[in-house]
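Order of the sequence lines sets the chain letters (A, B, ...), proteins ahead of strands, with each chain counted from 1. Quick caveat, the model's predicted, so the values are computed rather than measured.
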There are 2 protein chains.
Amino acid sequence: MNYTMKDIAQRANVSVSSVSLVLNNKPSRIPKETKNKIRKIAEELNYRPNSAAVFLSKKISYNIGLIVPDITNPFFAFLTKTIDERLRASNYSTLFADSNNSFEREVQIINNMISHGVDGILLVPSNKFFYQPHNKLQEMIDNLNKPLILLNASSDLRVNSVNFDNVLGAIMATEELIKYGHKSIAFIKGKDHFVNAPERYQGYKDALKKNDILLNPNYVFEGDYTIQSGYQVAPNIFNQRDITAILSSNDLMLFGIIKWAKEHRENVFKRFSMVGFDNNPYTEIIEVPLTTIDQEIGKMADKAIDLLLTILREKVRDSKQIIIKPRIIRRNSIKSEHSR
Amino acid sequence: MNYTMKDIAQRANVSVSSVSLVLNNKPSRIPKETKNKIRKIAEELNYRPNSAAVFLSKKISYNIGLIVPDITNPFFAFLTKTIDERLRASNYSTLFADSNNSFEREVQIINNMISHGVDGILLVPSNKFFYQPHNKLQEMIDNLNKPLILLNASSDLRVNSVNFDNVLGAIMATEELIKYGHKSIAFIKGKDHFVNAPERYQGYKDALKKNDILLNPNYVFEGDYTIQSGYQVAPNIFNQRDITAILSSNDLMLFGIIKWAKEHRENVFKRFSMVGFDNNPYTEIIEVPLTTIDQEIGKMADKAIDLLLTILREKVRDSKQIIIKPRIIRRNSIKSEHSR
DNA sequence: TGACTTTGATCAAGCGCTTTACCAAATGCC
DNA sequence: GGCATTTGGTAAAGCGCTTGATCAAAGTCA
């Protein structure tokens with residue numbers, strides 16, 4: 001086993017209480033020399049406090065649960081990295097779990113994390129999360145007795161959340177294309193129950209309306225955010241001869257379209273202007289890097305952690321919905337409509 | 001707070017001891033009806049054991065620490081996902097940390113994890129890990145008092161490890177190229193202090209020797225495993241007119257070469273046969289998917305967790321070095337030398 | 001000198017759970 | 001009926017740490 005305060009106390013000829021007071025820098029009347037002696041012994045023994053014992057008496061574990069739907073998705077990987085880094089900087093650790101896009105797992109994991117004594121939970125919900133009956137979810141959240149923050153998702157539940165303004169993001173993207181003269185803009189939407197998918201579709205529609213462009217239902221396609229689904233939908237887009245631009249709900253599906261085009265010897269970059277969502281780092285591989293809507297992950301992580309730490313510090317109970325403005329990253333995948 | 005055994009005991013009119021015995025399915029003389037009553041109440045209250053308290057008395061936390069150098073690298077992301085899944089299946093949770101390729105962080109994190117009471121640690125060491133003085137490292141590992149398993153790295157330290165046979169992987173890759181008639185094979189090696197990099201270089205050299213091909217130092221290039229470094233090295237490879245094939249220490253650097261080629265209108269797939277390492281999932285985006293050496297991540301995770309759980313169960317102390325055979329995944333990036 | 005204050009600590013309870021030893025009541029047996 | 005045995009539990013200590021209450025000794029002051 002590891003050394004305990006008892007070991008230090010014995011070696012320093014003081015009581016455990018004194019050791020505790022000193023190592024935690026609590027105000028006490030213990031003189032400098034004794035303090036130094038205790039600190040030195042702790043150092044020598046490489047004393048590490050037993051968090052379980054600390055938790056038992058203080059009810060603070062300095063563990064925060066983080067649940068993501070799929071860590072192999074670069075978006076969630078970057079988010080996880082940033083959150084872990086920020087938490088560590090505030091002296092917290094990350095209890096991690098991958099829900100593998102399953103709601104049942106999410107519930108299991110949440111229970112398990114509470115059992116493991118996390119101080120709070122950051123949940124990046126899977127698409128399946130919002131399938132559930134509203135009141136059941138609300139009850140679960142309310143019964144947690146620990147702060148829960150939803151990331152990358154919005155909800156009308158009474159719950160803290162941090163999300164990007166997806167409607168705005170899609171508007172920005174659509175208007176960028178319109179600015180370059182495009183009027184026949186295809187949209188690849190995610191499935192209706194996907195987190196943030198309806199909002200992106202809404203933004204697309206809003207932007208068209210605002211610019212007096214009629215929505216053509218033949219220009220709207222659907223995918224499931226994977227490269228494959230982009231690949232599958234690609235021929236249909238190429239078949240619609242008047243489409244000049246594509247807005248995709250994420251970058252991955254554009255990758256699929258590009259792959260299909262290359263295999264079929266179509267010059268996709270000449271034929272279409274393209275904008276995606278997510279700022280996928282692998283855009284680097286593409287010979288023409290994609291213009292994309294960047295959800296600034298660092299910002300989201302910061303906001304979420306600020307919110308969480310504030311709740312923990314001040315024990316507030318009401319829930320807050322934070323919305324972050326996305327930004328557009330202009331690269332080379334948009335050409336003026338007339339230059340084609 | 002959450003409900004405790006005390007709450008259950010009160011409601012069931014029994015002692016806390018009984019509740020503990022029943023909920024843990026310990027042999028006891030408590031009759032079925034009482035057991036059922038206790039279980040029912042626990043269920044109703046959504047009782048979740050307080051792991052900290054369990055840990056304090058049993059010294060088992062059911063938490064395993066996992067440290068990776070960079071979660072945004074798909075290889076580590078897949079590894080993390082698999083490990084998390086497997087651990088959860090065995091009733092353990094994952095205390096995660098990203099060391100951001102820093103040795104200091106690794107040490108900090110390990111101490112913190114021990115303090116948080118993990119039962120064991122799975123460490124995927126960063127390159128900088130092996131910079132350290134050998135004896136210091138050994139001392140640190142020995143003083144842990146918890147099983148530590150090194151993943152994706154080999155070491156002559158007394159420590160458990162699970163790694164792929166990188167020499168063999170590189171031999172397989174090189175011989176695959178030789179089989180297709182290639183003799184002028186470029187090699188992009190990782191920096192010497194990179195984990196597994198010297199082994200891959202060794203395999204390349206071994207395979208050449210075995211096949212009576214002289215090593216040409218002009219065919220050996222160096223990168224740091226990033227797309228950029230492949231991009232940078234690309235013109236030098238294109239300049240060596242007799243090179244017909246490229247073996248890269250990872251897929252990412254090949255991506256960089258492909259990108260450079262496209263930008264410079266070189267038909268890279270016609271000019272070179274290529275083999276990489278890692279089975280990077282984004283090979284999908286490339287129009288000619290890459291043949292690669294796959295380090296079966298699932299196998300590595302399984303072996304590591306088996307080893308860890310065995311150590312925990314049987315409290316063995318000696319260290320074991322497990323080596324896994326890699327496999328080659330044949331795709332379309334190799335052409336016969338004569339068909340060029 | 002005696003009352004009061006300050007200094008330098010310690011005591012003890014409690015956090016929630018596990019586990020071994022123990023005990024009282026009921027039952028079985030001759 | 002008296003003893004042993006079985007049944008159905010409980011008591012209590014301990015895990016390592018925190019913290020408010022407490023206390024003895026030394027120093028201060030009038």
Heavy-atom pair of closest approach, residues A/Ala153 and A/Pro125: CB-CG, 3.4 Å
Can you see which heavy atom on A/Pro147 is nearest to which on A/Asp119, and at what distance? CD-O, 3.4 Å
Is A/Asn73 reaching over with its side chain to a backbone N or O of A/Phe75, donor-acceptor style, under 3.5 angstrom? yes
In whole angstrom, what separates A/Ile114's CD1 from C/dG16's P? 15 Å
Closest-nucleotide mapping onto DNA chain D: is A/Ser20 or B/Ser28 further toward the 5' terminus? I mean the 5' end. B/Ser28
Rounded distance (Å) that lies between atom P of D/dG16 and atom NE2 of B/His116: 17 Å
Options D/dG9, C/dA12, C/dC17, nucleotide nearest the side-chain atoms of A/Ser17: C/dA12
For C/dC17, does either OP1 or OP2 sit under 4.0 Å from a side-chain N or O belonging to B/Asn24? no
Nucleotide C/dA9, atom P - distance to CD of A/Glu33 in whole Å: 9 Å
Treating A/Asp142 as the side-chain partner and A/Glu139 as the backbone partner, does any N or O pair qualify as donor plus acceptor under 3.5 Å? no
Ranking D/dT19, C/dG8, D/dG9 by distance to the side chain of A/Lys58, first place goes to D/dT19
Identify which nucleotide among D/dT10, C/dT10, D/dG8 has an atom closest to any side-chain atom of B/Arg29, counting heavy atoms from C-beta outward. D/dG8
Can you tell me which nucleotide in D/dC17, C/dC17, C/dA9 comes closest to the side chain of B/Asn50? C/dC17
Looking at D/dG16, I'd like to know if its phosphate oxygens (OP1 or OP2) sit under 4.0 Å from a side-chain N or O belonging to A/Tyr47. no
Separation of C/dG16 P from B/Arg48 CZ (nearest whole Å): 14 Å
In this structure, how many angstroms lie between the C1' atom of D/dT18 and the CG atom of A/Leu23, rounded? 12 Å
In whole Å, what is the span from the NZ atom of B/Lys6 to the P atom of D/dA12? 15 Å
Could you tell me how far apart A/Phe55 (CZ) and D/dT18 (P) are, to the nearest whole angstrom? 14 Å
What nucleotide, of D/dG16, C/dT18, C/dA9, holds the atom closest to the side chain of B/Ser57? C/dT18
The side chain of B/Lys59 is closest to which nucleotide in this list: D/dG16, D/dT19, D/dT10? D/dG16
Nearest-Å distance for atom pair CD1/P, residues B/Ile30 and D/dA11: 13 Å
Which nucleotide wins on minimum distance to the side chain of B/Val14, given the candidates D/dG16, C/dT10, D/dT10? D/dT10
Worked check of salt bridge (Lys or Arg N to Asp or Glu O under 4.0 Å) between B/Asp98 and A/Arg88: CA-CA 10 Å; B/Asp98 186 314; A/Arg88 211 161 290 281; over 6 Å; no
